[in-house]
Amino acid sequence: MAQALRLAARGMETCRPNPRVGCVIAQDQEVVGRGWHERAGQEHAEIAALAEADGRARGATAYVTLEPCAHHGKTGPCTEALIEAGIKEVVAATRDPNPRVNGSGLEQLRDAGIAVREGLMQAAAEDLNAGFFSRLKRNRPWVRVKLAHSVDGRTALSNGQSQWISSAASRTDVQRWRARSCAILTGMGTLLSDDPSLNVREEAAIQPLRVILDSRWNTPPQSKTLALTGQVMIAGRDDLPIPTALSRSGAELLQLPAAGEKVDLGMLLEALAEREINEVQVEAGATLCGALLSAGYIDEILLYCAPCLLGAGAQGMFLLDDLQDMSDRVSLKWLDAERIGPDLRMRMRPVYGEDTCLQAS
């Protein structure tokens, strides 16, 4: 199963909106077939593994990181292929949360006389597809916030200048995280101060959707990101008029209900889920990051800490309400930390619940 998970990770940047799935077929201790799902619309991991096994799958065990599908989509049911190949046992890491599957694949295999086990390395399998599970179970994408900051926790000078706090090595590493994301989200403050591209700097990359949160429809039509290859969405309030120049920009204009003076963030995330967006990477300033955190919408924080100091007047990472008691602090759970060039990359997840001022959405 560990090998199947490594195979699944090969589709990290290419198979969206589908889940990342790997499959290993073994006769006792001998691996006879390996496969992974590379792109949506192409063969699934089980089919690729059966093709490599080339007739040696009869009587073998298939280790799959996600429950095999039992329905017709762009490809045929993997359950039927496994049955026809004579597989004797299927070990699935976790069930598919898709309502069209969700246990029916395993049931179909059992009905065909195939032994079925599930739950082996389940946590690792679900973590690999955190965005897919989030979209299917919570009706919103997995939200990752990326920030580059100084040792004293500052992301930009008081005048908004932020290029560049982190090193070239860190900025190259960010490209990998962008490439695995279905969408990159920024706010108007970052758009106006940095004029970011928000794309993946690789010719062969599948470009993520670039989303600008612009409550008042003030996005400059000459913004760099609007001229680049790939899709751009501008999300604004539905009670305000859209300027003619912006309507001609070629971007998708998503009108959403207002929440006070801003766009309803929950409605934005639901709209992205409807477009089969699994993972959203937020690259924005303290206002948007703080609003997402306060609402309980941030699932993961990706920090690049540069060995420098910017001083007390520089901008912070999250704009939050003042806390009156230390028990109200926002707790974070460590995931990992790694040196990237001269910087330190840290990953963590907010802890929502009774021991924090934040509540899970």
Take Ile298 and Phe318 through the side-chain contact (heavy atoms from CB on, under 4.5 Å) test and state the conclusion after the steps. CA-CA 12 Å; Ile298 294 179; Phe318 296 92; 3.9 Å; yes

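- For the pair Arg210/Leu228, a side-chain contact is recorded, criterion being any heavy-atom separation below 4.5 Å from C-beta on.
- Residues Leu310 and Ile165 meet the side-chain proximity criterion, which asks for heavy atoms closer than 4.5 Å.
- In this structure, Phe133 and Asp127 have side chains that are not in contact, with every pair of non-hydrogen atoms separated by 4.5 Å or more.
- Between Met317 and Cys289, every side-chain heavy-atom pair lies at or beyond the 4.5 Å cut-off.
- Counting heavy atoms from C-beta on, the side chains of Glu67 and Glu118 never come closer than 4.5 Å.
- Residues Met12 and Arg176 are not in side-chain contact: their nearest non-hydrogen atoms beyond the backbone lie 4.5 Å or more apart.
- The pair Arg216-Glu261 meets the salt-bridge criterion, with a side-chain N (NZ, NE, NH1 or NH2) lying under 4.0 Å from an Asp/Glu carboxylate O.
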Criterion side-chain contact (heavy atoms from CB on, under 4.5 Å) on Leu253 and Ser247, from CA distance to verdict: CA-CA 7 Å; Leu253 304 177; Ser247 65; 4.2 Å; yes

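- For Asp111, the CG atom is densely surrounded, since the number of other residues' heavy atoms within 6.0 Å is greater than 12.
- For the atom pair Leu319 CG and Thr287 OG1, the distance stands at 5.0 Å (nearest 0.5 Å).
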Go through the steps to decide whether Arg16 and Glu276 satisfy the test salt bridge (Lys or Arg N to Asp or Glu O under 4.0 Å), and finish with yes or no. CA-CA 8 Å; Arg16 60 178 184 259; Glu276 297 188 310; over 6 Å; no

Report the C-alpha separation of Arg20 and Glu279 in whole Å, then their side-chain angles, then the decisive distance to 0.1 Å, and conclude whether the salt bridge (Lys or Arg N to Asp or Glu O under 4.0 Å) test is met. CA-CA 13 Å; Arg20 301 141 182 160; Glu279 292 184 21; 2.9 Å; yes

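- Around atom CD of Gln163, more than 12 heavy atoms belonging to other residues, nucleotides or ligands sit under 6.0 Å away.
- Using a 4.5 Å heavy-atom threshold, the side chains of Leu106 and Arg95 count as touching.
- The pair Glu38-Arg10 does not count as a salt bridge, with every side-chain nitrogen at least 4.0 angstrom from each carboxylate oxygen.
- The pair Asp173-Lys146 fails the salt-bridge criterion, with no side-chain N (NZ, NE, NH1 or NH2) lying under 4.0 Å from an Asp/Glu carboxylate O.
- Remark: the Thr219 side chain and the Asp214 side chain contain an N/O donor-acceptor pair separated by less than 3.5 Å.
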